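One is the number of the first residue; the rest follow in order along the sequence. Just so it is clear, the model here is predicted, and its values are computed rather than measured.
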Amino acid sequence: MENKNKLDSGFRINDLILIESSFSRISNVAYGEGVDNNLDINTEIAVKDKVIMVTEEVTLVQKFQDIEQVKVKVKMAGLFECIGETVLTNFEEFGRVNGAAIIFPYIREHITNISLKAGIGALLLPPINFTKNQEK
């Protein structure tokens, strides 16, 4: 029987690695109006031959009245491989847009889970349009 899910060309993720995860909070975290969340996303790309390594770091700082309430930092790396012939020749662009977009939901899930375990409720990061970020 023929495998219909065979990928003839495109990109395949070979590995996803949690590199760093840190979390801190104060004992009495404030909720509601006046809470300020600052989200910072940094992405680094390394390309060798047809292999693209995307490292994505997300830092979330929650403040209330200029007091840092919660700080979360998560860094993950994805290892992607170009399979077959592809029309895309700019592997760095693939990493900044597609690679980052593939890794981000895993980081979002990790942050949500760690915040629930910390007893502060779910920290839900918004979806990010990495294509739009690329245009800046």
Check whether any side-chain heavy atom of I114 sits under 4.5 Å from a side-chain heavy atom of S21, and report yes or no. yes
D15, CG: over 12 other non-hydrogen atoms inside 6.0 angstrom: yes
Check for a donor-acceptor pair, side chain of S115 on one end and backbone N or O of G121 on the other, with a separation under 3.5 Å. yes
Rounded at 0.5 Å granularity, tell me how far CG in N28 sits from CD1 in I67. 11.0 Å
L123 side, atom CG; N113 side, atom CG - distance, nearest 0.5 Å: 11.0 Å
Answer yes or no: is there a donor N or O on one side and an acceptor on the other, between the side chain of Q69 and the main chain of A30, under 3.5 Å? yes
If you round to the nearest 0.5 Å, how far is CE of M76 from CD of E57? 13.0 Å
Same cluster or not: I45 versus F94, using hydrophobic residues (I, L, V, M, F, W, Y) connected whenever any side-chain heavy atoms lie under 4.5 Å apart? yes
With a 4.5 Å limit on heavy-atom distance, are the side chains of I128 and L39 in contact? yes
Taking A77's backbone N and O only, do any of them form a donor-acceptor pair with T55's side chain (distance below 3.5 Å, no angle check)? no
Stepwise side-chain contact (heavy atoms from CB on, under 4.5 Å) check, L18 with V74: CA-CA 8 Å; L18 176 63; V74 178; 3.9 Å; yes
Evaluation steps, ring pair (Phe, Tyr, Trp, His ring centres under 6.0 Å), between F11 and F91: CA-CA 10 Å; F11 293 87; F91 291 168; 5.7 Å; yes
Please walk me through it: do V29 and Q62 pass side-chain contact (heavy atoms from CB on, under 4.5 Å)? CA-CA 9 Å; V29 175; Q62 181 176 300; 3.6 Å; yes
Any ion pair linking K63 and E68 (charged N to carboxylate O, less than 4.0 Å)? no
How long is the span from the CG atom in L16 to the CD1 atom in I102, to the nearest 0.5 Å? 10.0 Å
How close do V54 and I103 get, counting heavy atoms only, and between which atoms? O-CD1, 3.5 Å
Taking the side chain as every heavy atom from C-beta outward, state whether N98 and F130 have any pair of such atoms under 4.5 Å apart. no
Salt bridge K50-E81, side-chain N to carboxylate O under 4.0 Å: no
Under 3.5 Å, side chain of D49 to main-chain N/O of V51, donor-acceptor pair present? no
Contact between E56 and N42 at the side-chain level, heavy atoms closer than 4.5 Å - yes or no? no
Looking at K71, is its backbone amide N or carbonyl O close enough to the side chain of R25 to form a donor-acceptor pair, meaning the two atoms are under 3.5 Å apart? no
Would the number of heavy atoms belonging to other residues, nucleotides or ligands and lying under 6.0 Å from OH of Y106 be above 12? no
pair V61-N37: side-chain heavy atoms closer than 4.5 Å: no
Is it possible for you to say whether I26 and F23 belong to one hydrophobic cluster, with membership spreading through side-chain heavy-atom contacts below 4.5 Å? yes
Nearest 0.5 Å, what's the CG-CG distance between N38 and D40? 6.5 Å
Just so I know, are the side chains of F80 and N14 near enough to count as touching, which here means a heavy-atom distance under 4.5 Å? no
Output for pair (T59 OG1, K73 NZ), nearest 0.5 Å, gives 5.5 Å
